[in-house]
Amino acid sequence: MRFSRAFFPTLKEAPSEAEVISHNLMVRSGMIRRVAAGVYSLLPLGLRVQRKVEQICREELARAGAQEVFLPTLNPAELWQRTGRWDVYGKELIRLQDRHGRDFCLGPTHEEIVTDLVAREVRSYRDLPQNLYQIQTKFRDEIRPRFGVMRGREFTMKDGYSFDRDEHAAEESYAQMVEAYKRIFQRCGLSFTVVVADSGAIGGSFSHEFMVMADTGEEGINVCESCGYSANSEKTPVNISLPETPGATLEKVHTPGVHTVDEVYTFLKLPAEQVTKTLLFTADGSPVASVIPGHRELNEVKLKNVLDATELFLADAPTVEKLSGAAVGFAGPIGLEGVRIIADDCLEGRGGLVVGANETDHHYTGAEEGRDFEASAFADLTVAEEGDACPDCRKPLTVRRGIEVGHVFKLGTKYSETLEATYQDEDGGTKTIFMGCYGIGIGRTVAAAIEQNHDKDGIVWPMPIAPFQVDIIQANMTDAKCREESDKLYAALQSSAVEVVLDDRDERAGVKFKDADLIGFPYKVIIGPKGLKEGQLELKSRRTGETEFIPLENAAGIISARITEEIETAGSS
RNA sequence: CGGGGCGUGGCGCAGUCUGGUAGCGCACCUGCUUUGGGAGCAGGAUGUCGGAGGUUCAAAUCCUCUCGCCCCGACCA
């Protein structure tokens, strides 16, 4: 590509929309442009990088035996109604109607479509296993799109699905996909961690997330430095040990205008651990109260799992007032009628607690579980925090931030049952197919790669996903020899299949250097009068900043050998 | 959906409070000079001031409505 003819609209100034570095650099380097909130156009440079990530996925998935398909974006409502997700998915699902008024949605994921497809075609155990994937545009009407392509409403995803005879075989497929994913992210030049995750709305019995460590990540990860345990903070089991409190008597105290836990313990001059908070929810239509220690955060995912609820909403103010008979801020478990109470494990039989009194401006002190109120169930309900004990080795956990770039789920028979994906086994009996599903956010992987590979001047692409491998900089546009040698090298590199840009713009060298660094070409070749006098050109590495002088003869051979070697190293390390 | 903020040339912004000639930097075009880390000089082009309605002799500026975008939150009782 000749830079003078290329559509590489770089920007000197940071666009006001960009909040995180990857977003900023993707816009500045001319990879993307915003069309609407969470909706982006990919420009040539952005598309080239995305295609490389896609290609790496294709190669590794092929190696793992998966086959590529292409499923429709436009999904009929009927399939989604059969699995119940037409209702469960909520506002995130973009719905529309055709001219006849039939309901459709734009696929946010494709379990329904692919399971239905397999259900129709697979008859016998001889047809299994199957592993199908696609790379396709997904639509999720995110509550708050942000950070450029990191959380968009329309985005490219690699989603794959495995179909096996039984649980054991499904676990083998799962393990194979985990290995494929590791290779994919490694080849993309990412430093990542695999963590235990919650399976969320997609459902299933267990799952792992592939997290790229970055401070701008939206996910909290618990890591144990000593035994290597790592999990999404939503998933990490927590065992809170509360200090012993001697038996106290129940006493109602006047706490005017004291709503929050912080206000309560400050007002009462008691340790935060003694204060509890009671949060009221609506779970699948019935009221539920969760009671946890005040200094902790409720983990809504855990609560939802304990309740086995499909829909869990925090009660709004009018509901809280109706249930507790008090203003918001004074709900408590004592005398709460008609509400299921779920308390954190650590509160079982515990005394000396401060709880809301279900009366505006009042709390109880000295409350005791089992004596003054009774929880209908106990569970681990809180979010793991820095310093909590590792569930495996009991050493303190560290909290880190990560970007979720991949997620694998063991689905079991959740979709195959409702969509009747069955097969006839050797013994002649009808059995349900065991499924797994596997996703990679392609655009998010690109953004994550930038988060991990940049400096003050711009992007520093890992060789395997760089949009181009080499940028030839003609350092002096008036020098005929310089132009001639640049053209020669450009042609030579092209015939060696090197992805090369020739910066032949009528600009000063400084402008070309700045753009090259911003876009992040792994190598710059500088051809100027200085080196040419010696019969040399300069090869400068973006990553190390080191410059080598190489002879003009066979420069293309040297450069292309270098690039090949770097790509192979990334694939095998 | 709640709170906050912003919509002015391609990009980044000033001007709005206190109504009266639309302005700056970068980018862009022309010419000359310059040519190894975002050049200099000279000249030039580019605006329905997000949209609609209203107030006024007069609206980017005041009022009403509306659309879009960004940030925080959307659970911490």
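Throughout, protein chains are lettered first and strands after them, A, B, ... in sequence-line order, and every chain is numbered starting at 1.
As rounded to the nearest Å, G3(B) and A45(B) have C1' atoms that lie 43 Å from one another. Nucleotides C13(B) and C76(B) have their C1' atoms positioned 40 Å apart, rounded to a whole Å. Between C6(B) and A77(B), the distance separating the two C1' atoms is 33 Å to the nearest Å. Across G2(B) and C17(B), the matching C1' atoms stand 28 Å from one another, rounded to whole Å. Comparing the P positions of C65(B) and U21(B) gives an interatomic distance of 28 Å, to the nearest angstrom. Across the P atoms, C71(B) and G43(B) are found 42 Å apart, a figure rounded to whole Å. Between the C1' atoms of G10(B) and U46(B), the separation comes to 9 Å (whole Å). Taking atom P in both C32(B) and G20(B), one finds a spacing of 43 Å when rounded to whole Å.
Among the heavy atoms of the strands lying under 4.0 Å from Gly528(A) is at least one base atom, whether or not backbone atoms are also near. Looking at heavy-atom distances under 4.0 Å, Lys540(A) makes contact with a base. Using a 4.0 Å heavy-atom cutoff across all strands shown, Glu19(A) reaches sugar-phosphate atoms only and no base atom. Within the 4.0 angstrom heavy-atom criterion, no nucleotide atom of any strand lies near Gly148(A). Residue-level contact check: Ile526(A) touches the bases, meaning some heavy atom is under 4.0 Å from a base atom. Among the protein residues, Ala475(A) comes within range of the nucleic acid bases, having at least one heavy atom under 4.0 Å from a base atom.
Across the protein-nucleic acid pair, Lys524(A) atom NZ and G37(B) atom C1' stand 9 Å apart, rounded to whole Å. Between the CZ atom of Arg151(A) and the P atom of G73(B) there is a distance of 13 Å, rounded to whole Å. Going from atom NE2 of His295(A) over to atom C1' of C76(B) covers 14 Å, rounded to whole Å. In this structure, Glu507(A) places its CD atom 14 Å from P of G37(B), rounding to the nearest Å. In this structure, Ile473(A) places its CD1 atom 12 Å from C1' of G38(B), rounding to the nearest Å. In this structure, Lys456(A) atom NZ and G38(B) atom C1' are separated by 13 Å, rounded to whole Å. With rounding to whole Å, Ile143(A) atom CD1 is found 10 Å from C1(B) atom P. If you measure from atom CG of Asp506(A) to atom P of C28(B), you get 12 Å, rounded to the nearest angstrom.
Between C11(B) and Arg33(A), no contact under 4.0 Å exists linking OP1 or OP2 to a side-chain N or O. The side chain of Lys12(A) contributes an N or O atom lying less than 4.0 Å from OP1 or OP2 of A27(B). Checking the phosphate oxygens (OP1, OP2) of C13(B), a side-chain nitrogen or oxygen of Ser16(A) falls inside 4.0 Å.
Along RNA chain B, the nucleotide nearest Lys277(A) and the nucleotide nearest Arg505(A) are compared for position; the residue whose nucleotide lies closer to the 5' end is Arg505(A). Of the residues near RNA chain B, Lys530(A) and Asn299(A), the one whose nearest nucleotide (by heavy atom distance) lies more toward the 5' end is Lys530(A).
When each of C72(B), G37(B), C69(B) is scored by its nearest atom to the side-chain atoms of Arg144(A), the top-ranked nucleotide is C72(B). Among the nucleotides G73(B), G38(B), G36(B), the one closest to any side-chain atom of Asp515(A) is G38(B). Nearest to the side-chain atoms of Arg28(A) among the listed nucleotides G38(B), G36(B), U35(B) stands G38(B). The side chain of Arg146(A) lies closest to C71(B), out of C71(B), C75(B), G38(B). Closest to the side chain of Glu13(A), from the set C69(B), G12(B), G36(B), is G12(B). Nearest to the side-chain atoms of Arg34(A) among the listed nucleotides C72(B), A77(B), C70(B) stands C70(B). Nearest nucleotide to the side chain of Val511(A), out of G38(B), C76(B), C69(B): G38(B).
G20(B): Watson-Crick or G-U partner is C57(B), with both key distances under 3.5 Å. Taking a pair to require two hydrogen-bonding distances under 3.5 Å in either a Watson-Crick or a G-U wobble arrangement, A14(B) remains unpaired. Within the shown strands, nothing qualifies as a pairing partner of A45(B) under the Watson-Crick or G-U definition with both distances less than 3.5 Å. Pair assignment for C1(B): G73(B), on the basis of Watson-Crick or G-U wobble contacts that are both within less than 3.5 Å. Judged by Watson-Crick or G-U wobble contacts below 3.5 Å, the nucleotide A27(B) has no partner. Across every strand in view, C32(B) sits in a pair with G40(B) that passes the Watson-Crick or G-U test at under 3.5 angstrom. Shown here, A52(B) forms a base pair with U64(B); the pair counts as Watson-Crick or G-U wobble because both key distances fall under 3.5 Å.
Side-chain contact check for Val383(A) versus Arg296(A): every heavy-atom pair is 4.5 Å or farther apart. Contact annotation: the side chain of Glu17(A) approaches that of Arg34(A) to within less than 4.5 Å [non-hydrogen atoms, C-beta and beyond]. Two residues are said to be in side-chain contact when any heavy atoms from C-beta on lie closer than 4.5 Å; Ile221(A) and Met213(A) meet this criterion. Taking the side chain as every heavy atom from C-beta outward, Ile292(A) and Lys277(A) approach each other to under 4.5 Å. Contact annotation: the side chain of Asp503(A) never approaches that of Gln474(A) to less than 4.5 Å [non-hydrogen atoms, C-beta and beyond].
Pro333(A) pairs with exactly one of Leu353(A), Thr278(A), Asn358(A) by the side-chain contact (heavy atoms from CB on, under 4.5 Å) rule, that one being Thr278(A).
Ring geometry for His23(A) against Tyr40(A) counts as perpendicular: the plane angle is over 60°, on a 0 to 90° scale with 30° as the lower cut.
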(message) Run the side chain to side chain contact (heavy atoms under 4.5 Å, CB included) test on Ile334(A) and Tyr364(A) for me, step by step, so that the C-alpha distance in whole Å, both residues' side-chain angles and the decisive distance to 0.1 Å come before the verdict.
(response) CA-CA 9 Å; Ile334(A) 299 178; Tyr364(A) 284 115; 3.7 Å; yes
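Geometrically, Arg48(A) engages Phe468(A) in a cation-pi contact, judged by NZ or CZ lying under 6.0 Å from the ring centre and within 45° of the ring axis.
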